[in-house]
Participant: 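First, the structure itself, so that you have it in front of you.
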Amino acid sequence: MNIQHLLIARFQAALASLDAADAPVPVSKSTRPGCGEYQFNGAMGLAKKLQKAPRDIAQMIVDAVALDDVAEQLEIAGPGFINIHLAPKWLAQQSQISLADPRLNIPPQPAQNIVVDYSAPNLAKEMHVGHLRSTIIGDGVVKALEFMGHNVIRQNHMGDWGTQFGMLLAHLNDKLAANEVAETALSDLEDFYRQAKVRFDEEEGFAERAREYVVRLQGGDAECLALWQNFIDVSIQHSVDVYEKLNVSLQTSDVMGESAYNADLANVVADLKEQGVAVEDQGAQVVFLDELADKNGKPAVYIVQKSGGGYLYATTDLAAIRYRSQQLNAQRTLIFTDARQALHFKQTEIVARKAGFIGADEEYQHCPFGMMLGKDGKPFKTRTGGTVKLVDLLDEAVDRAQTLLNQRDNDFSADELATMAQKIGIGAVKYADLSKARTTDYIFDWDTMLSFEGNTAPYLQYAYTRIQSIFVKAGADVDTQAEINIAADQEKALATKLLQYQEAIETVVTEATPHVLCTYLYELASLYMKFYEACPILKEDVAEADKQSRLQLCRLTGNTLGHGLSLLGIDTLERM
RNA sequence: GAGGGCGUAGCUCAGCUGGAUAGAGCAUCCGCCUUCUAAGCGGACGGUCGCAGGUUCGAAUCCUGCCGUCCUCGCCA
């Protein structure tokens, strides 16, 4: 159920009957208490067109609009606002429908093939905090898209190619020659990289060998490729381990690294040249972009092949676009990378469209996100200024959650506490990130995200357990067919919010902004807490009908909260 | 120099298809547990929405200029 869409349709019809069919239909949630749940603000804007006073127009619209089934009252306020008070009976009916529907009364959208490119770690190194945002925001959007009925094709565009692999393979070769197994040698990629770098900089002849490896690798030397494959496999497994820890849905089969496009790069450039899109300039193959010219008319330059003949990530990204459009039949593509690459993707899209690598009606959406900053507002680093490994960050989150749990009085076993710490710690890190608008930088602060208060994962998890606890207590005494009766203000506010779930998810899938879902869930949990305080359920003096009705609201809240958290990839707990 | 993002309460952040008195949380202060989980709820305090113009019945939201800040800009990704 999308209440807003329903109201827009009704007002649209009313406006048509008043000869104002082309007028905008501004229906929004009411912001002020006492002004209903929604409001229609279009009367003021029609004053000139209809040559009447706004309040008179509002009255005409109120008379014309058919909302008897949905609203209990329409009132005209201020300069001509129409406040819509939803009918408790209708809210109850819709809630009943949601309860009986595994999809929570949310119809799927017409299915599209949607390619989502996210996570994309560099396999030469360990995953670090810079990959966190892409990974979890991308995964949240993926899950929401799938729920809405789309065919999502995950593409993990891993950095598995490049000159850096020369020194890594040379180093790995020596380790294997010394009878070390790859898994052991590569158990800490960060260390391994550092060792190789030191040898590259200091050891006689090593740099030379590293360069040879690059040449052999690019030349397709079988032995060298096997070594590379070995390295890549181990590194991918590291990432997959992190995905599991993060409760992210990416799998090995979603990997489509840069190397996968190697064979196609020459074709891409040839194709661009043939079409006259790319031309030679200073020995390199470039595309001049008049679309992004400066004030003097000097076009932007986009290099697709270096003067030495080498390819760049621009080439790879063009090959990827073409592959996704033509082989994967993408109707829409979402790419989650940091905001610094915004210009690159803008240019890539322009070139791809010029060259016909992407259909005219195909959507290409770069979804940028800001940097993760420390509490001091500077890029997030370790005490010593190093890069923070993602595994370390996640382990610390779990440790901190464990410490906080230990400080509380409880009767849980050590195993239960460990499981809880895992779910709470990981959930806190993910939620802290997911709940912020993705486009801006955000400040990573342990104390805030684990304070277990306010808009945090633990608060939502706690709200969820409170609901479960009601049902544990109620036992068999729950009538899942009971009629819902909306009476108290808190019940009405809760039921209304429950029916706004679809609005939140639809925004998430169109804008690729999971924080909208977070805000929704926080408001839902918050309204539940208020309902819980105000409306007794299992207490002795509660009438049976009220009790069962309220249990139904609890059930729907639990279903919705649990569903939303699962889309975000945040685990729920039965007790905490 | 050019292009882009950001600037909202002491702090962290929502809101920005233009709508009524700009919202949360934290912090500070005041209330509420002989228990449907107080990791909660109620209340108070706190804002010239960077500055100045413009459009509009109405601007945090749209437009222009300026200030501050971060990022990007032909052979890294």
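These values consider heavy atoms only, across backbone and side chains, with no hydrogens, waters or symmetry-generated copies. In what follows, chains carry the letters A, B, and so on, assigned in the order in which the sequence lines appear, proteins first and then strands, with residues in each chain numbered from 1.
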Participant: With a 3.5 Å limit on both atom pairs, tell me what B/U21 is paired to, counting Watson-Crick and G-U wobble, or say none.
Facilitator: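 Answer to the pairing question: none, since B/U21 forms no Watson-Crick or G-U pair.
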Participant: If you look at every heavy atom in A/L460 and A/Y522, which pair is closest and at what distance?
Facilitator: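 Reported closest heavy-atom pair: CD2-CA, 3.7 Å.
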Participant: Has A/T440 got a side-chain N or O lying under 4.0 Å from the OP1 or OP2 atom of B/C6?
Facilitator: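 A/T440 to B/C6 OP1/OP2: no side-chain N or O under 4.0 Å.
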Participant: Expressed in whole Å, how much space separates the P atoms belonging to B/A59 and B/C36?
Facilitator: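 The same atom, P, in both gives a distance of 49 Å.
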Participant: Does any nucleotide pair with B/U55 by Watson-Crick or G-U wobble geometry, both distances under 3.5 Å, and what is it?
Facilitator: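 Check on B/U55: unpaired, no WC or wobble geometry under 3.5 Å.
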Participant: For the pair made of CH2 in A/W446 and P in B/C11, what is the distance, rounded to whole Å?
Facilitator: 24 Å
Participant: Could you please name the partner base of B/U48, counting Watson-Crick and G-U wobble pairs only when both distances are under 3.5 Å?
Facilitator: none
Participant: Mind checking if A/K346 touches a base, just sugar-phosphate, or nothing, with heavy atoms under 4.0 Å?
Facilitator: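 Nothing, no nucleic acid heavy atom in range.
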Participant: If the plane angle is over 60° it's perpendicular, under 30° parallel, otherwise tilted; pick one for A/Y364 and A/F345.
Facilitator: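 Correct class here is tilted.
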Participant: Check each of A/D441, A/D433, A/D338 against A/R133 using the salt bridge (charged side-chain N to carboxylate O under 4.0 Å, His left out) test, and report the only one that passes.
Facilitator: A/D433
Participant: Rounded to the Å, how far apart are A/Q341 CD and B/C76 C1'?
Facilitator: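 About 11 Å, once rounded to whole Å.
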Participant: Determine the interatomic distance between C1' on B/G18 and the same-named atom on B/C63; round to the nearest Å.
Facilitator: 13 Å
Participant: The side chain of A/H515 is closest to which nucleotide in this list: B/A77, B/A14, B/G74?
Facilitator: B/A14
Participant: Counting only side-chain N and O atoms of A/K306, is one of them less than 4.0 Å from OP1 or OP2 of B/C76?
Facilitator: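 It does, given that an N or O in the side chain of A/K306 lies less than 4.0 Å from OP1 or OP2 of B/C76.
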Participant: Which whole number of Å gives the distance between the C1' atom of B/C49 and that of B/G74?
Facilitator: 41 Å
Participant: For B/G54 versus B/A14, give the span between their C1' atoms, rounded off to a whole number of Å.
Facilitator: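 My reading of the C1' atoms in B/G54 and B/A14 gives 28 Å.
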Participant: Using whole Å, report how far OH of A/Y532 lies from P of B/A39.
Facilitator: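 It is 11 Å, rounded to the nearest whole Å.
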Participant: Calculate the interatomic distance between A/L373 atom CG and B/U69 atom C1'; express it in whole Å.
Facilitator: 12 Å
Participant: Please give the distance between the C1' atoms of B/G58 and B/C16 as a whole number of Å.
Facilitator: 16 Å
Participant: Taking CG from A/L405 and P from B/A39, how many angstroms apart are they, rounded to a whole number?
Facilitator: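 It works out to 12 Å between those atoms.
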Participant: Which base, if any, makes a Watson-Crick or G-U wobble pair with B/A2, both distances under 3.5 Å?
Facilitator: B/U72
Participant: Distance check, C1' atoms only: B/C71 and B/A52, in whole angstrom units.
Facilitator: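 Per the computed distance, 26 Å lies between those C1' atoms.
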Participant: Using ring centroids (six-membered ring only for Trp), state whether A/F165 and A/Y213 fall under 6.0 Å.
Facilitator: no
Participant: Between A/W446 and A/F444, how do the two ring planes meet: parallel, tilted or perpendicular, split at 30° and 60°?
Facilitator: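 Correct class here is perpendicular.
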Participant: Report the nucleotide, chosen from B/C36, B/A24, B/C76, that has the shortest atom-to-atom distance to any side-chain atom of A/Y522.
Facilitator: B/A24
Participant: Measure OH/A/Y38 against P/B/A20 and give the value in whole Å, please.
Facilitator: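 Distance check: A/Y38 OH to B/A20 P gives 17 Å.
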Participant: For A/M529 and B/G42, give me the distance from atom CE to atom C1', rounded to whole Å.
Facilitator: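 Rounded to whole Å, this separation is 15 Å.
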Participant: Measure CG/A/L343 against C1'/B/C70 and give the value in whole Å, please.
Facilitator: 16 Å
